Number of protein chains: 2
Amino acid sequence: MQRIRRQAGLEIEPGSRTEPGAGVTPRSGEPAGQGRGRLSRGVSTDRRGERLDRLRALVARVGTLRLTDAAQALSVSSMTLRRDLATGDAVLELLGGHVMARQGKGSPYSLAGEEDVHVAAKAAAGRQAAALVEDGDAIFVDCGTTMPHLLAALPTELELTVVCYALNVATLASRRPHTRLFMLGGLFHPSSATFLSEEAMEGLKRLGIAKAFISAGGLHPERGASCANFNEVPVKQAVMAQAMRSFLLIDSSKLGQVKPAFFAPADAFKRVITEQG
Amino acid sequence: MQRIRRQAGLEIEPGSRTEPGAGVTPRSGEPAGQGRGRLSRGVSTDRRGERLDRLRALVARVGTLRLTDAAQALSVSSMTLRRDLATGDAVLELLGGHVMARQGKGSPYSLAGEEDVHVAAKAAAGRQAAALVEDGDAIFVDCGTTMPHLLAALPTELELTVVCYALNVATLASRRPHTRLFMLGGLFHPSSATFLSEEAMEGLKRLGIAKAFISAGGLHPERGASCANFNEVPVKQAVMAQAMRSFLLIDSSKLGQVKPAFFAPADAFKRVITEQG
DNA sequence: TAACAACTGTTGCGATATTAACAACACGCC
DNA sequence: GGCGTGTTGTTAATATCGCAACAGTTGTTA
């Protein structure tokens with residue numbers, strides 16, 4: 001309890017454990033004038049939109065706060081905010097009594113044993129890969145769902161330079177201390193959450209990369225490594241040509257698989273990292 | 001209740017509302033062998049770290065899940081996971097019964113009226129700016145804390161091209177449907193969450209921008225617009241030179257202020273947008 | 001002005017989360 | 001083998017959340 005209360009960073013006077021204006025005259029905290037329109041039409045002064053705006057702003061600043069605290073901050077009852085958020089805001093979400101930026105991509109997931117093994121495998125593979133990274137390294141981190149495990153497994157103390165072109169990777173890497181982050185920009189591709197452009201390919205040539213961690217959708221002993229999106233191919237190839245050493249980071253379920261876009265033969269990698277080794 | 005349950009995307013057979021192995025033989029779900037070390041030292045097989053790894057992986061995939069579901073997925077009791085998370089994981093956080101990636105930057109915030117007014121002002125200014133955007137526009141969105149309000153205020157139906165170089169803007173824009181997102185890459189600057197590079201400046205020249213929304217830390221009637229970070233200056237200037245129309249988007253508290261880095265005279269903007277107009 | 005609709009606040013109840021305390025088990029050590 | 005330590009599961013007590021129904025207020029409409 002204390003942990004969460006502390007997180008909010010504000011104190012409520014010990015006496016009043018109830019809602020802001022409990023029992024007293026309702027809506028005394030605001031000027032309470034200037035007309036009110038209906039919500040169904042987007043015209044006139046829209047109180048709900050205004051509240052959500054202020055709430056969005058609050059959340060943008062503090063990351064997360066309790067619904068009751070938010071209600072107090074906006075001088076409305078928690079029930080009102082609850083109703084506002086229930087209308088389905090594009091940005092905000094109410095989860096377990098806390099207001100936060102929507103984060104689940106809504107991707108449905110099944111907890112069938114199979115998938116769970118995959119996840120554990122990816123995490124293990126990420127740990128294995130992280131063990132190869134040394135202090136001071138400049139590493140390239142590819143796109144995909146396995147790479148976040150690599151970043152999570154990297155000790156925070158390491159002083160690194162991370163080169164990436166995927167949004168999820170950049171977000172994680174940007175939060176690391178002692179980390180220089182270089183991102184390749186360009187047009188956003190939602191399927192892989194990557195940014196691709198001609199200029200980025202040019203810029204890549206100026207970067208010294210000690211170790212490149214490449215992802216793949218499949219690795220076939222004869223056909224080599226392949227991925228689902230054709231547009232990733234030039235980047236992967238350019239990085240591999242540029243980097244001192246390239247590692248293929250996949251979980252073992254990818255072995256023997258084949259995806260539409262081939263980008264490298266199997267022997268192009270210094271090593272193939274899976275959860276086993 | 002249903003809303004949250006649905007979010008998790010899995011069903012538990014109606015009969016058992018309790019913990020996984022409730023009442024039955026304890027720890028029957030796992031092989032339960034292979035030795036167990038102590039946690040204080042990081043050596044030997046570390047069950048807690050392993051669980052957290054798998055949990056991190058799960059969270060990375062689904063964004064958020066209920067603690068009870070996570071416990072079931074990892075075949076441990078929710079109490080164990082609760083204890084694991086209480087040790088203070090760097091990535092994960094337990095909030096209101098849901099496990100998620102840590103998001104609060106831990107920035108302390110005060111709820112003094114002043115700040116709250118600022119937030120409301122920024123939200124209002126964002127709405128005003130959003131009203132200028134038309135379907136099919138290519139817009140540039142600068143960095144700063146005001147810009148998210150602009151994005152939040154843009155109707156989802158609009159078909160847009162968004163050009164940006166700030167991580168927070170990119171994250172929001174990437175979630176919009178019907179939106180082409182182009183990001184300028186480069187080296188990450190934590191103070192403003194922006195990416196800057198020579199190549200990006202080159203790439204900028206090839207982009208057609210109808211409307212540019214520029215932020216500033218201050219606007220002085222004689223000295224012009226200024227910001228806190230010098231490295232933003234070239235980008236702002238290049239964008240303004242490139243764009244058909246440039247708008248300065250600030251809240252009124254910035255009026256009359258002066259920051260270290262000047263980047264444009266006041267009359268360089270087609271219009272200055274504040275919460276009033 | 002009266003009637004109506006929309007919005008907000010309050011209350012109460014059921015469901016859920018949180019914590020502490022206790023019991024059961026596995027491992028390492030002597 | 002016996003013992004102690006550390007880890008995990010269970011239970012119960014408490015606090016909090018989520019929802020629904022109701023009541024009061026405000027602004028709009030006839």
Side-chain angles (χ1 to χ4, degrees), chain A residues 1-5 7-8 12 17-41 43-52 66-72 74-87 94-99, chain B residues 1-8 12 17-41 43-51 66-72 74-87 94-99:
Chain A
M1 196 260 264
Q2 303 87 320
R3 240 190 64 234
I4 294 175
R5 174 62 50 84
Q7 196 269 352
I12 303 173
R17 303 296 294 165
T18 58
E19 293 296 306
V24 214
T25 49
R27 311 188 56 228
S28 64
E30 285 179 305
Q34 89 195 63
R36 179 190 305 177
R38 38 173 51 124
L39 283 179
S40 40
R41 299 159 59 210
V43 292
S44 76
T45 63
D46 174 6
R47 296 215 178 216
R48 172 165 303 180
E50 209 171 290
R51 276 195 304 267
L52 284 175
R66 297 209 332 222
L67 179 64
T68 52
D69 293 336
Q72 175 165 339
L74 301 181
S75 301
V76 294
S77 80
S78 58
M79 195 61 215
T80 299
L81 281 190
R82 200 179 283 279
R83 277 190 275 242
D84 288 350
L85 292 167
T87 60
L94 175 60
L95 212 55
H98 295 257
V99 186
Chain B
M1 195 262 263
Q2 304 87 320
R3 241 190 62 236
I4 293 176
R5 171 60 52 82
R6 167 174 59 69
Q7 196 269 353
I12 303 172
R17 303 296 295 163
T18 56
E19 293 298 306
V24 213
T25 50
R27 312 187 56 230
S28 63
E30 284 179 308
Q34 91 194 66
R36 178 189 307 176
R38 37 176 51 121
L39 284 178
S40 39
R41 298 160 60 210
V43 292
S44 75
T45 61
D46 175 6
R47 296 214 178 217
R48 173 165 303 180
E50 208 172 292
R51 277 195 302 267
R66 298 205 333 216
L67 179 66
T68 53
D69 293 337
Q72 174 166 340
L74 301 182
S75 301
V76 294
S77 79
S78 60
M79 196 59 218
T80 299
L81 281 190
R82 199 179 284 279
R83 278 190 273 242
D84 289 349
L85 291 168
T87 61
L94 175 60
L95 215 53
H98 296 256
V99 187

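Note that the structure is predicted; figures quoted are calculated from it, not measured. Below, chains carry the letters A, B, ... as their sequence lines are ordered, and counting in each starts from 1.
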DNA chain D nearest-nucleotide lookup for A/L67 and B/R51: closer to the 5′ end is B/R51
Using whole Å, report how far [atom1] of [X] lies from [atom2] of [N].
{"X": "A/L94", "N": "D/dC19", "atom1": "CG", "atom2": "P", "result": "8 Å"}
{"X": "B/L95", "N": "C/dT16", "atom1": "CG", "atom2": "C1'", "result": "15 Å"}
{"X": "A/R66", "N": "D/dG18", "atom1": "CZ", "atom2": "P", "result": "11 Å"}
{"X": "B/L81", "N": "D/dG9", "atom1": "CG", "atom2": "C1'", "result": "12 Å"}

Between [atom1] on residue [X] and [atom2] on residue [Y], distance to nearest 0.5 Å:
{"X": "B/E50", "Y": "B/D84", "atom1": "CD", "atom2": "CG", "value": "11.0 Å"}
{"X": "A/R51", "Y": "A/L85", "atom1": "CZ", "atom2": "CG", "value": "10.0 Å"}
{"X": "B/L74", "Y": "B/T80", "atom1": "CG", "atom2": "OG1", "value": "10.5 Å"}

Which nucleotide in the set D/dC17, C/dT18, C/dT8 lies at the smallest distance from any side-chain heavy atom of A/D84?
C/dT8
Nearest to the side chain of A/M79 - D/dG18, C/dT8, D/dC19?
D/dC19
For D/dA30, give its Watson-Crick or G-U wobble partner with both distances under 3.5 Å, or none.
C/dT1
Do any side-chain nitrogens or oxygens of [X] fall under 4.0 Å of OP1 or OP2 in [N]?
{"X": "B/S77", "N": "D/dG9", "value": "yes"}
{"X": "A/R83", "N": "D/dG18", "value": "no"}
{"X": "B/R47", "N": "D/dT8", "value": "no"}
{"X": "B/R82", "N": "C/dA17", "value": "no"}

Sequence-distant partners of A/R82, side-chain contact (heavy atoms from CB on, under 4.5 Å), two or more places apart:
A/L67, A/M79, A/L94
